[in-house]
Amino acid sequence: MLEIKNLSARIDDKEILRGIDLVVPQGEIHAIMGPNGAGKSTLSYVLSGRDGYEVTGGTATLNGVDLLAMAPEERAAAGVFLAFQYPVELPGVGNANFIRTALNAILRARGEPELDAVAFLKRARAEIKRLAMPEDMLKRNVNVGFSGGEKKRNEVLQMALLRPRIAILDETDSGLDIDALKIVADGVNALRGPDFSALVITHYQRLLDHIVPDYVHVLANGRIVRSGGPELAHELEAHGYAGLEAA
Amino acid sequence: MSDLLANLPGRHLEAWHYTDLKALKSFAFAAPAPAAIDSALLPDLAMNRIVFVNGFLDEALSVLPAWARLSSHEATKSDLPLAILNAQHRQAGIAIDIPDDVDAGAILLISISQAGAPIALFPRHRISLGRNAKLTLIDIAQGEGVYWHNPVSEISLADAAQLSHYRLQDEAEAAFHTATIFADIAASAAYESFSLVLGGQLSRAEFHARLGGAGADIHLNAAQLLAGTQHADFTSVVSHDAPHCASRQTVKSVLAGHSRGVFQGRIEVARAAQKTDGYQMNQALLLSPHAEIDSKPELEIFADDVKCSHGATIGALDPEQIFYLRSRGIPEPEARAMLIRAFIDEALAPVTHDQARALLERAIEGAWSKLVS
């Protein structure tokens, strides 16, 4: 269970998050919607531990463990996964080597046995097949020369292999055509289960037609201003975000 | 050997502008004496080997094929100050002669220096490949103590010969290493070279290569991984004297601490060398605000139908890339090591020999601790 209490954070002197309260129980998928500049990406970065954000108050825990005190790699080992809005290119780093190194680092941190190259490739190929992705995805350098859709699919592939407890999807739908959107959504839906939860951050409702959330929260001006069921996303699509900031 | 240091090249010479040898003057270098080494110092490679200890051939540890022998050959004349010093003080070196049409496989040439008190070593090696002959040469320099290793290698490749030359400079921390390599490459012959520079307080690898026949080909790649106050210089002069030749140079420097890297690359294209294809790339990754790279690419072209390009980039590790790796569970030192390894990857392209590749990969692994701590 991800539990965020009264979380505030700033970049330089700019207050971005102003007291967020949010609980995502294990097994549930919650969506966070909101206008540009509401603090959506900041929330995802603060939860995953990126430099440059100063937490000025509040807490964030995963199954009772304080996330904010941990380095990014420790959070990953604890089960946090951030699907990047703009996945980073790593020239010279092979994708299979990258994902295996990550998986083994996480296994090592948890005191579990690591996977050798053969065992990893077997698992990775099975995952690629299940996600209907091209097999050369493993052989290429990480995200180098990938289309926007391929980059997002690669995020989903990493997520499927690293098996996080909580996945944070930061505007995963941005720049995707409808076919890529479906593949990404199918990938997330395939992970749904009692041990997996997700925070789906999006500006638009259309991703939520494919990943149907248990709850929808509206983030505006650094706070959660409304929460509701999936129907809230449709309401926002119809009426926009105008007026919500005052609520 | 007191006259030794009188004729060192000074910084007033353009070729020595970035590399100052005056630190050599703090030591009274003596001529080396034979020493015994533990065979455990030798890398585990299943191949012929030539083992020099303090400049003396260790016959017990060497496994010499018929085409390699100890030799005190005449030095070819040169106007390079360090080659002249080498000629004056030269010690016996190896002479390799591969007959025409023979694929000689691979051989290890390892020079181990064991300096109790400071010693200076001036080996002169000669490597000749006949027409259509082939050889892979794994060339390692390592040691302990304070010493100056100033080897000269004279390489000559007859038509269609192929030499793969993989150099590992892993000298002692306090050592000086200044290597000069002359390569004369005939028509359709190929010289594939990669140098990994890890050791020494001050080092220079200086290549003078001549593409003398049509269709000759050269790869002069290097990776320098430096930390502390290390200084390493990669200098090359590639002369295209014949048409349809190709030269490729990719030199990568990874500089931590107060280290300093130097790249001086010069491509000369003679009037006759039409259809020359020359490429030169020097890239530096600065891991510290105190590290320095000096990069001086030069093109001198007298032919009118050529393709020559060169470039230089200087950068730091990208925090976005580091965060991406860490967000996936990879600890920061490992993330930095992965990105550095990726940065030098392109330079390793000529290393196609499996055992050489494995040896160099292990040496690179061993260098992480000094770079990412």
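Sequence lines set the chain letters: A, B, ... in the order given, protein chains first and strands last, and positions in each chain run from 1. Note that this is a predicted model, so its numbers are computed, not measured. What you see below is based on every heavy atom in this structure, not just the backbone, and it leaves out hydrogens, waters and symmetry mates.
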Exercise for the section: Kindly say whether the aromatic ring centers of B/Phe323 and A/Phe84 come within a distance under 6.0 Å. Expected result: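 Yes: the rings meet the under 6.0 Å criterion.
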
Handout entry: Under 4.5 Å from any heavy atom of chain A - which part of B/Leu339
Key =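 Contact with chain A is through the side chain of B/Leu339 alone.
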
Exercise for the section: Could you look at B/Glu346 and say if it's the side chain, the backbone, both or neither that has a heavy atom under 4.5 Å from chain A? Expected result: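 Answer is neither: B/Glu346 stays 4.5 Å or more from chain A.
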
Problem - Test: B/Arg328 cationic atom under 6.0 Å from A/Phe81 six-membered ring centre, within 45° of axis - result: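 Yes, B/Arg328 sits over the ring of A/Phe81.
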
Problem - A/Ser197 side chain to A/Arg165 backbone, donor-acceptor under 3.5 Å - result: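 Yes: the side chain of A/Ser197 pairs with the backbone of A/Arg165.
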
Exercise for the section: Count the heavy-atom pairs under 4.5 Å between each of B/Asp345, B/Ile330, B/Leu325 and chain A, then report the option with the highest count. Expected result: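 Sorted descending by pairs with chain A, the first entry is B/Ile330.
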
Of the backbone (N, CA, C, O) and the side chain (C-beta and beyond), which part of [X] lies under 4.5 Å from a heavy atom of chain B, both, or neither?
{"X": "A/Arg50", "value": "both"}
{"X": "A/Leu90", "value": "both"}
{"X": "A/Tyr86", "value": "neither"}
{"X": "A/Glu74", "value": "neither"}

Problem - Residues A/Glu171 and A/Ser44: side-chain donor-acceptor under 3.5 angstrom - result: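 Side-chain D/A pair, A/Glu171 to A/Ser44: absent.
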
Handout entry: Polar contact flag, side-chain donor to acceptor under 3.5 angstrom, A/Thr101-B/Glu334
Key =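 Checked: A/Thr101/B/Glu334 side chains show no N/O donor-acceptor pair below 3.5 Å.
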
Exercise for the section: Find out whether A/Leu43 and A/Leu7 are in side-chain contact, i.e. whether some heavy atom of one side chain is under 4.5 Å from a heavy atom of the other. Expected result: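 Yes. Closest side-chain heavy atoms under 4.5 Å.
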
